[in-house]
Amino acid sequence: MRLSRTLAPTLKETPAEAQIVSHRLMLRAGLVRQTAAGIYAWLPMGFRVLQNIARIVREEQDAVGAQEMLMPTIQPAELWRTSGRYDAYGPEMLRIRDRHERDMLFGPTNEEMITDIFRQSVKSYRELPQMLYHIQWKFRDEVRPRFGVMRGREFLMKDAYSFDLDYPGAVISYRKMMLAYMRTFQRLGVKAIPMEAESGPIGGNLSHEFIILAATGESEVWYDAGFERMDFSGSAVSHQSEADLERFFAEMTTPYAATDEKHDPAAWDKVSDQRQGRGIEVGHIFYFGTKYSAPMGLSVAGRDGIPVVPHMGSYGIGVSRLVGALIEAHHDAAGIVWPESVAPFRAAILNLKVGDPLCDRVCEDLYARFAGAALYDDREDRAGVKFADADLMGHPWQIVVGPRGAAAGVVELKRRATGEKLELPIDAVHARIG
RNA sequence: CGGGGCGUGGCGCAGCCUGGUAGCGCGCGUGUUUUGGGUACACGAGGCCGCCGGUUCGAGUCCGGCCGCCCCGACCA
């Protein structure tokens with residue numbers, strides 16, 4: 001992408017409405033624009049990040065056997081009356097009416113809908129277990145939206161739903177999801193810790209929230225430093241092995257970890273390697289049994305022909321919230337420092353002298369070599385402007401092409417995360433970081 | 001929803017108390033200059049002063065109503 005042809009309106013000054021660092025940086029780096037309180041338009045740079053996060057979430061959901069689908073944003077009120085939540089949900093639910101005066105709503109979540117869909121077509125125990133998910137926009141009419149996309153009214157969320165024949169089966173699904181979550185957050189470049197949670201308005205009794213660590217986080221967290229050393233990548237844990245899952249689950253839930261509400265000073269004293277910090281909730285998983293399946297009449301024929309009411313769970317990840325949360329976890333005074341896995345571009349090519357035949361040629365060659373993975377700053381601006389914008393936008397690498405170096409056949413490579421710089425031959429750049 | 005604050009060129013703000021036809025910095029355009037960390041100078045474009053109504057010869061400024069946005073708290077992926 002050529003920056004001169006890209007809608008990436010960077011700002012030197014911070015808009016007055018933005019308070020927290022991620023919100024300021026998202027506005028300044030031109031990732032989003034606010035449309036109304038808690039509602040944002042995603043500009044090209046921000047959208048690329050959002051897509052990258054969604055891609056990783058999707059890959060890890062698929063990896064544990066969840067199936068992707070897509071449910072609508074608008075739902076009929078009728079569906080919510082069958083579970084009793086239409087009246088219970090309160091003003092957070094955006095209620096709308098269509099031209100036929102039918103009550104509709106902009107979905108804040110999809111338990112009713114998925115249960116209804118599942119009920120229509122699944123009739124036998126032979127078809128269970130199943131896990132389904134979608135990545136879709138949700139709306140919750142927060143009284144007070146704030147913190148930019150971290151607490152918006154409209155937000156992109158991955159929500160998954162599991163259906164099992166019984167409690168032991170549901171526990172296995174629950175553990176698979178926990179594994180998928182730990183892998184997801186690890187790939188997103190953040191430390192995440194599962195903490196036991198209240199099950200809240202959705203109900204149930206097996207529930208964890210996933211908190212990622214960030215100095216500017218919203219809540220205080222206490223945890224065992226052992227969490228920092230865990231590695232979920234690779235094949236150490238197989239989602240197809242119940243024994244693996246059980247061991248994994250024990251590893252996740254045994255060491256101490258708690259937020260303010262559940263912090264227990266007595267238990268905390270017994271932790272040998274204590275860590276205290278701040279965190280942001282980015283995911284939440286629940287087991288809620290037959291809370292929806294029973295009242296909504298979902299049942300399948302069991303092995304003996306007798307109807308069985310499936311046990312369900314639901315599992316959310318705040319995809320759009322993660323964009324803000326990742327910035328909270330990864331930034332410095334100059335701007336965003338994207339983890340490599342989600343950065344809008346792997347590298348920015350900075351042409352310090354647009355119009356100079358040699359610089360132009362070197363940049364064009366490099367740009368072609370990166371085949372879409374690099375952002376080319378071809379604007380006719382001063383070097384300082386380009387350095388500042390590249391730092392602000394946070395691409396992992398900056399490839400600096402100036403007349404002096406180009407004449408000598410070298411460019412400067414700067415690593416955004418550390419600030420370290422090195423000169424290397426033009427031909428070596430792509431091999432080094434491509 | 002309780003408490004507080006703010007709406008003035010794209011962004012950040014002054015002007016409002018003490019009405020007289022809108023200003024500063026950044027950004028934008030043109031030219032010169034500069035040429036590896038937001039260069040300097042000159043010229044220029046750009047504003048139903050959130051909306052509606054009222055007071056007045058005259059309203060960005062005073063009065064009333066409405067709308068929008070932000071902050072603290074209670075609440076949440």
Side-chain angles (χ1 to χ4, degrees), chain A residues 7 9-20 23-24 27-28 30 33-39 53 57 89-93 107-110 135-160 181 197-198 200-202 207-212 218-219 259 261 279-286 314-325 334-335 350-356 359 377 379-392 398-407 410-412 414 419 421 423:
Chain A
L7 182 65
T10 55
L11 264 24
K12 214 166 172 178
E13 287 169 297
T14 305
E17 72 265 19
Q19 296 299 312
I20 63 163
H23 190 194
R24 300 160 85 115
L27 256 19
R28 288 227 297 132
R33 274 299 110 99
Q34 180 169 311
T35 293
I39 302 180
I53 294 173
V57 168
Y89 217 92
E92 279 214 338
M93 183 153 75
T109 176
N110 289 69
I135 297 174
Q136 177 64 294
W137 293 93
K138 303 287 191 294
F139 197 94
R140 288 184 195 167
D141 201 359
E142 297 278 346
V143 212
R144 190 185 161 214
R146 61 183 125 174
F147 308 145
V149 300
M150 297 249 291
R151 178 86 184 278
R153 290 193 293 171
E154 187 183 51
F155 55 97
L156 187 63
M157 178 174 166
K158 183 286 299 182
D159 42 320
Y181 275 39
E198 301 290 352
I202 296 182
S207 169
H208 286 85
E209 47 186 39
F210 293 78
I211 307 283
I212 65 171
E218 61 201 344
S219 56
T259 53
E261 313 99 60
I280 301 167
E281 184 185 349
V282 291
H284 206 150
I285 60 181
F286 301 93
S314 79
Y315 315 86
I317 290 182
V319 177
S320 51
R321 163 179 267 206
L322 267 164
V323 178
L350 310 190
N351 186 342
L352 297 193
K353 193 164 186 180
V354 171
D356 175 271
C359 285
D377 190 345
R379 298 174 301 174
E380 293 184 33
D381 268 303
R382 293 189 46 89
V385 172
K386 300 190 180 199
F387 289 132
D389 276 350
D391 284 349
L392 177 61
Q398 291 170 20
I399 302 164
V400 183
V401 179
R404 284 204 304 265
V410 298
V411 295
E412 183 185 277
K414 174 181 160 181
K421 298 172 184 169
E423 274 200 346

Could you list all N or O pairs between the protein and nucleotides 9-12 of chain B that sit under 3.5 Å apart?
residue : atom : partner : partner atom : Å
C11(B)  : O2   : E13(A)  : OE1          : 3.1
G12(B)  : OP1  : A16(A)  : N            : 2.7

- Message: Among G38(B), C69(B), A74(B), which nucleotide has an atom closest to any side-chain atom of V143(A)?
- Response: A74(B)
- Message: Using Watson-Crick or G-U wobble geometry with both distances under 3.5 Å, which nucleotide pairs with C28(B)?
- Response: G44(B)
- Task: Give none if G36(B) has no partner; otherwise give the nucleotide forming a Watson-Crick or G-U wobble pair with it, both distances under 3.5 Å.
- Result: none
- How far, in whole Å, is C62(B) from C16(B) if one measures between their P atoms? 9 Å
- Message: One pair to check against side chain to side chain donor-acceptor pair (under 3.5 Å): D391(A) and Q398(A). What are the steps and the verdict?
- Response: CA-CA 9 Å; D391(A) 284 349; Q398(A) 291 170 20; 2.7 Å; yes
- Item | Nucleotide nearest K12(A) when distance is taken to its side chain, options C72(B), C26(B), G36(B) | C26(B)
- Item | Integer angstrom distance from the C1' of C57(B) to that of G73(B) | 49 Å
- Message: Tell me whether the side-chain N or O atoms of D381(A) pair up with the base of G38(B) as donor and acceptor below 3.5 Å, since no angle test is needed here.
- Response: no
- Note on the structure: Across every strand shown, the nucleotide meeting Watson-Crick or G-U wobble geometry with C69(B) (both distances under 3.5 Å) is G5(B)
- Query: U61(B) and U55(B): how far apart are their C1' atoms, nearest whole angstrom?
  - Reply: 13 Å
- Side-chain donor/acceptor of R151(A) to base of C75(B), under 3.5 Å: yes
- Message: Counting only side-chain heavy atoms from C-beta out, which of G37(B), C75(B), C69(B) sits nearest to F387(A)?
- Response: G37(B)
Short heteroatom pairs, N/O only, protein and nucleotides 43-46 of chain B, under 3.5 Å:
none

- Whole-Å C1' distance, C71(B) and C66(B): 22 Å
- Message: Measuring to OP1 and OP2 of C71(B), would you say a side-chain N or O of R144(A) lies under 4.0 angstrom away?
- Response: yes
Name the pairs: protein N/O against N/O of nucleotides 29-34 of chain B, kept only if under 3.5 Å.
residue : atom : partner : partner atom : Å
U34(B)  : O2   : R382(A) : NH1          : 2.3

- When rounded to the nearest Å, what value does the distance between P atoms of A45(B) and C6(B) take? 34 Å
- Task: Find out whether P15(A) and Q34(A) are in side-chain contact, i.e. whether some heavy atom of one side chain is under 4.5 Å from a heavy atom of the other.
- Result: no
- Indicate yes or no: at least one non-hydrogen side-chain atom of R321(A) is less than 4.5 angstrom from one of E281(A). yes
- F155(A) stacking on A77(B): centroids under 5.5 Å, ring planes under 30°? yes
- According to a strict under-4.0 Å criterion, is Q34(A) in side-chain N/O contact with OP1 or OP2 of C70(B)? yes
- Task: Check whether any side-chain heavy atom of L352(A) sits under 4.5 Å from a side-chain heavy atom of V400(A), and report yes or no.
- Result: yes
- Contacts of A37(A) and D389(A) projected onto RNA chain B by closest heavy atom; the upstream (5') one is D389(A)
- Task: Quote, to the nearest angstrom, the P distance that separates C28(B) from G53(B).
- Result: 38 Å
- G37(B) to C1(B) separation - C1' atoms, rounded to the nearest Å: 49 Å
